[in-house]
There are 2 protein chains.
Amino acid sequence: MPRRVTIDDVARLAEVHKATVSRALNARTSDQVNAETLKRVKRAARQLGYVPNAMARGLRTSRSMTIGVIIPDLMNPIFPPIIRGIEHVLQAQGYTVLIANTDSHDDVEISAFESLLQRRVDGFILATGRLDDQPVVDQAAAAGVPVVLVNRGSGMGGYPLVGGDNVRGVELAVAHLVELGHRSIVHAAGPPNFSTTRSRAEAFEATATAAGVAHQTIYANALTIEAGFQAADTMLAHNDIHPTALMAGNDLVALGLIRRLRAEGLRCPEDVSVVGFNDMPFAEDFWPPLTSVHMPLRDIGAEAARLLLRGIDTGEQDGATLTLPVTLMVRGSTGPAPA
Amino acid sequence: MPRRVTIDDVARLAEVHKATVSRALNARTSDQVNAETLKRVKRAARQLGYVPNAMARGLRTSRSMTIGVIIPDLMNPIFPPIIRGIEHVLQAQGYTVLIANTDSHDDVEISAFESLLQRRVDGFILATGRLDDQPVVDQAAAAGVPVVLVNRGSGMGGYPLVGGDNVRGVELAVAHLVELGHRSIVHAAGPPNFSTTRSRAEAFEATATAAGVAHQTIYANALTIEAGFQAADTMLAHNDIHPTALMAGNDLVALGLIRRLRAEGLRCPEDVSVVGFNDMPFAEDFWPPLTSVHMPLRDIGAEAARLLLRGIDTGEQDGATLTLPVTLMVRGSTGPAPA
DNA sequence: TTGTAGGCGTTATCAA
DNA sequence: TTGATAACGCCTACAA
């Protein structure tokens with residue numbers, strides 16, 4: 001394995017000083033160098049297969065041109081679109097995105113965060129959505145690294161925040177169900193320590209009360225199919241709860257609910273209607289196609305990235321919160337309330 | 001924004017030389033330092049909130065402790081499990097995984113690759129599955145960076161390779177359909193420049209011929225729902241093709257086929273059976289639940305990571321190819337051939 | 001067990 | 001417009 005080509009090698013071949021090579025190869029400074037020299041340097045670089053060393057550069061400039069993105073679970077299909085939105089904006093500015101998966105696990109989150117800090121990321125985008133990771137956020141801020149929060153229900157600190165309009169989403173979902181004749185609705189919410197859980201649950205309570213329908217909220221212990229399945233299990237065990245419609249904390253939970261209901265011989269939507277949240281990819285291909293509150297996931301990612309870039313450039317963090325509009329995608333999982 | 005804490009700051013507070021701090025803070029060398037000193041150093045580091053600078057360290061050691069993973073499309077649900085497998089193995093060894101999305105776009109792939117090279121990744125895992133990115137692979141090898149290929153149909157260069165058993169998968173799928181009485185089967189393959197496309201298509205040709213059933217292969221122009229939809233479109237336009245069963249190049253294509261068939265009023269599986277490939281997450285939640293060849297995605301990722309680590313440690317690349325066993329998941333999208 | 005010194009590959013500042 | 005030089009933060013012989 002031959003030693004890698006350095007700027008010195010290029011300088012030697014081009015017969016200039018390495019400082020000149022550096023200037024020539026950086027877009028920002030390349031106009032400071034003679035056109036003739038520039039050509040010679042570039043040729044030499046190409047000829048040698050020179051690849052700049054980002055670590056050396058970062059050490060010198062104290063900017064890694066790297067952004068850390070922390071998400072709880074790559075397997076949840078809402079994250080790929082968000083990441084795509086983030087990358088779309090950031091790559092165009094020359095940043096590389098470091099994705100860290102935490103599996104919704106506290107210590108994994110902490111060590112992932114630590115590892116990103118060591119790599120001197122220029123900014124963080126946190127999509128953990130947890131209410132209890134304030135420490136991580138504060139630590140980032142203390143380290144002078146800008147942070148943007150994604151998919152939060154509501155702002156806690158003074159950090160920039162971007163997400164969908166949860167309240168409006170709940171209103172749309174409940175209105176849809178009421179219109180279909182449902183008079184008893186259960187909200188199978190996510191875990192209480194997720195910030196979206198709280199805002200959706202509060203909105204549900206308020207909206208359902210205002211609509212004058214019987215309602216109740218139960219909590220899944222994760223935002224997964226399995227947790228949804230289990231939540232339905234619990235609900236079925238209580239024989240005092242007999243809703244004709246369910247509003248799930250997200251689409252995965254909705255899927256889990258439907259699976260369990262089906263196992264019980266209950267058809268969706270003939271016997272029970274189910275509304276999901278997020279309108280994740282493939283929502284329309286499920287069985288039945290999922291009625292869901294559509295979140296503009298890609299845009300959420302893109303806006304978060306823009307907010308972060310602003311924070312990096314200006315060096316200051318305003319606690320701006322950006323709430324993007326949502327819509328209700330009506331599909332096969334909701335229907336008229338049974339007679 | 002205060003200047004970040006360095007090893008020198010810690011040294012000053014702990015009243016030792018920075019070399020001692022370095023030794024104390026590195027697991028490999030911490031036993032070279034006096035227990036008392038060690039404690040003092042650690043306390044000082046904690047007190048100051050010291051976070052080692054990975055760039056400086058990497059520059060010095062010429063190892064970034066970073067692995068580049070190039071995938072064509074994060075939105076394709078087969079990749080998250082693969083990534084998870086990769087991360088599981090690599091994180092345990094202290095590596096950070098850099099994921100690069102190419103959107104199946106040539107120039108994006110090249111620039112992503114370039115960017116990873118600049119960051120001096122210690123190894124590459126390429127899951128692009130394309131037949132025509134040999135140049136990238138060769139360039140990595142030329143740079144002395146180990147490479148492992150994932151999800152390839154067949155080896156091209158002498159690079160380590162891990163994937164599922166495509167031939168066996170096709171055999172299982174065809175046998176299943178034949179057993180159900182199907183005598184006319186179409187393979188809606190992926191794009192020809194994907195390596196898995198080739199090996200699956202060849203296996204299909206061979207297996208179907210051996211089984212003595214009428215068969216034909218058509219090609220979708222991508223491994224997406226849309227491309228599957230379009231492929232079905234083309235097939236329906238030819239009124240000389242009337243299969244009772246379809247084997248798709250992957251699950252997304254299968255989904256696209258089903259969508260288009262449904263639009264035509266053809267029910268699955270009553271009128272046409274469809275088999276997918278990969279058994280991607282959620283395959284069982286689709287409408288109808290997808291019969292699919294199960295690929296051990298997570299294991300594939302994990303094995304690729306192990307092979308890569310081996311390459312990094314030994315400094316040499318054997319062209320070992322690892323083929324993991326597959327199974328057929330029979331679900332609702334396949335049924336008896338119509339009379 | 002600890003300190004000294006040099007260098008990893010760049011870029012920024014200053015001088016020519 | 002180009003060259004010389006120092007410094008970014010860390011690790012590692014080597015010496016003490």
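Sequence lines set the chain letters: A, B, ... in the order given, protein chains first and strands last, and positions in each chain run from 1.
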Of the listed nucleotides (C:dG3, D:dC11, C:dA12), which one gets closest to any side-chain atom of A:T61?
C:dA12
Consider the side chain of A:R60, meaning its heavy atoms from C-beta on, and name the nucleotide among C:dT4, D:dC11, C:dT11 that approaches it most closely.
C:dT11
Considering only heavy side-chain atoms of B:K18, the closest of D:dT2, C:dG6, C:dG9 is C:dG6
Charged N-O contact under 4.0 Å between B:E109 and B:R130
yes
I'd like to know if the side chain of A:S115 and the backbone of A:S111 have a donor-acceptor N/O pair within less than 3.5 Å.
no
Check the phosphate of D:dC11 against B:S22, side-chain N and O only, distance under 4.0 Å to OP1 or OP2. Yes or no?
yes
Rounded to the nearest Å, what distance is computed from the CZ atom of residue B:R12 to the P atom of nucleotide D:dC10?
12 Å
Base, sugar-phosphate, or nothing for B:R28, non-hydrogen atoms under 4.0 angstrom?
sugar-phosphate
Within the pair B:T20 and C:dG3, is there a side-chain N or O less than 4.0 Å away from OP1 or OP2?
yes
When you measure from the side-chain N and O atoms of B:T37 to the phosphate of C:dT2, is any distance below 4.0 Å, counting only OP1 and OP2?
yes
Pick base, sugar-phosphate or nothing for B:I7, based on heavy-atom distances below 4.0 Å to the nucleic acid.
sugar-phosphate
To the nearest 10 degrees, the angle between the two end axes of the helix from C:dT1-D:dA16 to C:dA16-D:dT1 (five pairs per end) comes to 40°
Which one, D:dC10, C:dT10, D:dT12, comes nearest to the side chain of A:A56?
C:dT10
With a non-hydrogen cut-off below 4.0 angstrom, is B:S62 in contact with a base, only sugar-phosphate, or nothing?
nothing
What is the distance, to the nearest angstrom, from the CZ atom on B:R63 to the C1' atom on C:dG9?
19 Å
